[in-house]
Amino acid sequence: MGTFFAGVALAAESIIAPAARLAAPLLGAVLGPAGRLGAGFTVRNAPRNGVAMGTVIVGAGLIVGVGAMVEGINRSVADWLDTTIVGDLFVTSAARFPTDFEARAASVAGVGEVSGVGLRAVRFEPEGARTGRTVAVILVDPARFDPEAGFGRFQFIEGQGDDRSGFEALARGGMVLAANTIRDRFGVGVGDHVRLRTDDGFRAFEVGAVVVDYTGGGEAFVASIADLDAFGGGSPDLFVFTVAPGAEPEDVRDRLRAAFPELLLDVTLNQAYRAQVEDLIQRSFATTNSLLALAAAIAALGVANTLGMNLSRRAHEIAVLRTVGLRRSGVRRLVLAEGLVVLTLGAVLGLAFGLLLADVVTAGARALTGYTIEAAVPWRILAWSGVFVPLLGLAASWLPARRAARLAPRAALGASEVA
Amino acid sequence: MSIASSPRASAASAAAAAPAAALEARGLHRRFHLGGETVHALRGVDLTVRSGEYVAVMGPSGSGKSTLLHLLGLLDQPDEGSVAIAGRSAAGLDDDALTDLRRRRLGFVFQTFELVPNLTARENVLLPAEIDGRGAEAEHRLEALAHALGITDRLEHRPDQLSGGQRQRVALARALINDPVVVLADEPTGNLDTRTGGEVLELLRRGVDELGWTVVTVTHDVRAAMTADRIVFLRDGAVSGEVAVDGTDVTHLVERYLRG
């Protein structure tokens with residue numbers, strides 16, 4: 001990838017001259033004669049501007065490439081939340097749920113359906129691996145995923161089961177659905193057996209389907225709540241509620257809390273629960289976002305530095321332009337035009353190359369994180385680029401433009417004599 | 001070659017009747033602070049240039065010629081004194097107003113031409129007019145100037161495709177495109193060979209005679225100065241004398257002033 005970007009950066013010089021010539025009429029229309037002059041400056045400083053443009057291409061390419069990966073992850077998580085995390089209320093408690101909780105909760109006014117979920121950390125012994133690893137086992141009520149009557153759905157990996165076979169596997173008991181990450185990492189598919197540690201020691205569970213699941217960093221199995229006793233027993237750790245038609249989730253939440261004061265119920269509404277999951281994912285990429293911001297800043301600094309160097313060479317010429325009547329504001333527009341050409345062209349090419357590179361970056365991220373993700377066009381980034389690139393151009397040009405505008409026009413005539 | 005008419009040409013014949021001087025400097029003082037030392041570059045210079053007059057400023061290095069040209073060209077501000085262009089004082093004007101006045105009332109010709117390399121000769125000439133927002137109107141004037149200066153067939157060339165003399169003609173056309181009150185020339189033949197330099201001097205002279213241009217040139221070249229109507233001598237930042245060039249041989253006077 002580095003070689004690719006280096007090549008792009010080197011080719012930038014040959015692109016910049018024709019592009020600046022093409023942009024000259026537009027810059028002239030928007031910024032006046034100074035805009036056209038700025039385009040001319042860009043052409044004449046093509047070698048140095050090419051390097052600056054290369055920086056922008058690399059920066060924009062990384063932003064789009066990585067952005068496409070993050071967008072892909074967000075989209076996958078959103079899809080998963082849409083299909084799998086269905087329910088209006090998610091209820092946990094610091095205390096152990098009593099065995100009759102589900103029945104009593106179902107009688108609370110406004111409650112629709114209640115479905116218990118067990119969340120357990122379990123040792124998994126992948127085939128051929130020397131050591132085991134701890135994975136998440138999510139124990140769900142199969143009825144919730146009944147294709148005819150249930151309110152929950154799984155996303156199945158192509159060729160690895162469907163709503164019907166997944167439901168039947170869970171209903172049968174003693175079988176698991178493997179998360180897609182487990183399949184990617186350990187080559188597990190439908191019909192295979194996986195060894196999970198139960199209260200009676202390691203036991204083989206047949207894989208009934210492969211589904212998308214991001215619990216536990218993607219290393220997870222889904223099993224029937226009927227098998228809860230095999231994984232520590234006790235009561236479910238979480239209850240998923242739907243509310244009856246016409247009932248407000250907030251009202252049902254309050255009634256549940258009132259009905260079970262001794263349990264100090266922690267009730268999360270669907271939106272908040274989704275936000276929690278999304279926030280968790282977002283936080284995993286907080287560093288990535290910081291790096292993207294850094295890439296943008298480096299690109300802007302690269303352009304600012306180049307414009308500054310260009311000015312050192314063109315100071316005399318700018319002084320001549322001031323002499324023949326270009327105002328300070330005109331000089332600022334001239335420098336701005338140069339900055340805009342370099343940044344816009346760099347950004348456009350960077351965006352294009354970034355989209356091409358998105359798959360590479362996403363594959364790298366897939367290998368690193370284990371999540372199964374597909375790159376998605378980061379429309380938000382592309383849309384924001386339309387706003388930010390000119391702003392970045394303004395920011396990058398501001399200091400050099402100010403410096404240029406301060407040049408004394410008499411420098412143009414000062415060659416022959418100081419006094 | 002004939003010199004084409006210009007809006008100011010008709011004014012030329014009435015130059016003598018013009019109420020205001022084209023350029024008037026009064027009591028110009030300019031001091032520079034260099035390394036803790038104050039250099040008094042100009043010490044009370046007075047200069048009046050009538051419309052249609054051609055004035056050469058001469059003096060040894062360090063006499064203040066360039067400083068005077070900067071002040072006359074509104075490129076620098078005097079510490080004391082004032083400059084007026086066609087009766088309009090530049091005193092107290094802000095940078096934008098000075099720039100606008102410079103663009104509309106003054107034309108500049110430099111020793112090293114100072115054309116914008118990536119623009120054609122036509123674009124270079126039109127530049128001050130375009131900056132002034134009058135590019136389209138100036139097209140007609142451009143054609144007349146190009147014809148007068150003999151560069152009609154070079155207008156689509158870039159500066160690096162032109163000879164030194166052609167570049168200076170383009171620079172002269174640029175200086176004249178906004179129909180300035182005064183053309184200020186800084187060693188206009190300094191970078192040209194004798195023959196080409198002579199052609200440029202002849203153009204300036206004919207422009208003054210036939211079109212009523214007003215020219216102030218700073219030069220070391222006695223031959224260039226001798227094409228002017230009047231030579232003003234500077235020494236140590238002050239006017240040390242002046243000579244009218246009236247057709248008689250004043251070379252000995254010029255040399256005497258230059259020797260001090």
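Reminder, nothing fancy here: chain letters follow the sequence lines and each chain counts from 1.
Proximity to chain B is limited to the side chain of A:Arg44, based on heavy atoms less than 4.5 angstrom apart. Using a 4.5 Å cut-off between heavy atoms, A:Val324 contacts chain B through both its backbone and its side chain. For B:Leu127, the part lying under 4.5 angstrom from a heavy atom of chain A is the side chain only. Interface remark: B:Asp96 contributes backbone and side-chain atoms alike to the contact with chain A (heavy atom separation under 4.5 Å). Of the atoms belonging to B:Leu119, it is side-chain heavy atoms, and not backbone ones, that fall under 4.5 Å from chain A.
Rounding to the nearest 0.5 angstrom, the gap separating the CD atom in B:Glu130 from the CZ atom in A:Arg36 is 4.5 Å. Taken from OG1 in A:Thr323 to CG in B:Asp186, the straight-line distance is 10.5 Å, to the nearest 0.5 Å. Atoms CG and CG, on A:Leu326 and B:Asp132 in that order, are 11.5 Å from each other to the nearest 0.5 Å.
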message: If you apply the rule salt bridge (Lys or Arg N to Asp or Glu O under 4.0 Å), what do you find for A:Arg322 with B:Asp95, and how did you get there?
response: CA-CA 10 Å; A:Arg322 293 274 289 122; B:Asp95 191 77; 2.7 Å; yes

query: What do the steps show when you test B:Asn118 against A:Arg21 for side-chain contact (heavy atoms from CB on, under 4.5 Å), and what is the final call?
result: CA-CA 11 Å; B:Asn118 59 298; A:Arg21 283 193 194 102; over 6 Å; no

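Remark: A:Asn305 CG is packed, more than 12 non-hydrogen atoms of other residues, nucleotides or ligands lying under 6.0 Å away. The local environment of CD in B:Glu37 is sparse, with at most 12 non-hydrogen atoms from other residues, nucleotides or ligands closer than 6.0 Å.
Across every non-hydrogen atom of B:Ile131 and A:Gly325, the tightest pair is CG2-O, 3.3 Å.
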